[in-house]
Amino acid sequence: MKPKTRKALMWGIPVLILLVIGAFFLWKSSAGPEPITGNLPEYEFEEQQVRQTQPAGQSGGIEIPGYSVIPIKADTTDVEVDLYNPEQNDVYFQITFVRKDTGDVLYESKLIEPGQHLYNITLTQPLAEGDYDITIRYATFASDGSFAPRNGANVDCMIRAGA
């Protein structure tokens, strides 16, 4: 075998392997998330529009999802929900659940990008069977890289812990 051919194979084969691996990961990431399976609870909710004052040259507002009742299983901290930041928002959300009777924080998310959903969360404490009045606090932050606080909202809600 000629030295040029040997050198081409020495470089060509690893490059070809890297290209195949890269193509696989690109294909896998473009396939999107796997669908949620299982029985998700049905939520009673209403969409609420919270308008904020925009600086000159900007328009629109922040859409805040509102929930009236969130059903969960009693005596567990692992909860299936659908918390989300509507895709048309231009802010990040941080969502916090606060019990009205005690002021305890039951949950606080990290930043949620526009269009992102949270389907599984972990509460800070299990809730016995019953109804719990909570406030869902939506803190919002600019998505332009500055993470400057924007107007938020508080939504009254009830968690219904059942069997």
*Test side chain to side chain contact (heavy atoms under 4.5 Å, CB included) applied to Lys100 and Asp156, step by step*: CA-CA 9 Å; Lys100 286 186 175 185; Asp156 291 332; 2.9 Å; yes
Over all atoms of both residues, closest heavy-atom pair of [X] and [Y]:
| X | Y | value |
| --- | --- | --- |
| Ala161 | Ala128 | CB-O, 3.4 Å |
| Pro126 | Asp75 | CB-C, 3.8 Å |
| Phe93 | Pro65 | CE2-CD, 3.9 Å |

_Pair Asp131 + Arg160: basic N to acidic O under 4.0 Å_ = yes
Tell me which donor-acceptor pairs under 3.5 Å the side chains of residues 107-117 have, and how far apart each pair is, sequence neighbours excluded?
from   : atom 1 : to     : atom 2 : distance (Å)
Glu108 : OE2    : Thr96  : OG1    : 3.4
Ser109 : OG     : Ile95  : N      : 2.8
Gln116 : OE1    : Glu113 : N      : 2.9
His117 : ND1    : Asp82  : OD1    : 2.6

*ILVMFWY cluster, Val105 and Tyr138 together (side-chain gap under 4.5 Å)*: no
_Are Tyr84 and Ile121 connected into the same hydrophobic cluster when the rule is that any two of I, L, V, M, F, W, Y join if their side-chain heavy atoms are below 4.5 Å apart?_
yes
*Apply side chain to side chain contact (heavy atoms under 4.5 Å, CB included) to the pair Phe141 and Arg150, showing each step before the final yes or no.*
CA-CA 5 Å; Phe141 302 90; Arg150 305 287 293 275; 5.8 Å; no
*Would you confirm whether Asp144, through its side chain, and Ser146, through its main-chain N or O, come within 3.5 Å as a donor-acceptor pair?*
yes
*Where the side chain of Thr135 meets the backbone of Val98, is there a donor-acceptor pair that is under 3.5 Å apart?*
no
Can you tell me how far apart [atom1] ([X]) and [atom2] ([Y]) are? Round to the nearest 0.5 Å.
| X | Y | atom1 | atom2 | value |
| --- | --- | --- | --- | --- |
| Asp133 | Ile159 | CG | CD1 | 10.0 Å |
| Arg99 | Thr124 | CZ | OG1 | 9.5 Å |
| Ile64 | Asn89 | CD1 | CG | 6.5 Å |
| Ile134 | Asn154 | CD1 | CG | 11.0 Å |
| Ile70 | Leu83 | CD1 | CG | 6.0 Å |
| Glu129 | Ile72 | CD | CD1 | 11.0 Å |

*Taking only residues two or more places apart in sequence or in another chain, which ones pass ring pair (Phe, Tyr, Trp, His ring centres under 6.0 Å) with Phe147?*
Tyr92
*asked:* I'd like to know if the side chain of Thr76 pairs up with that of Asp78 as donor and acceptor (distance under 3.5 Å, no hydrogens or angles considered).
replied: no
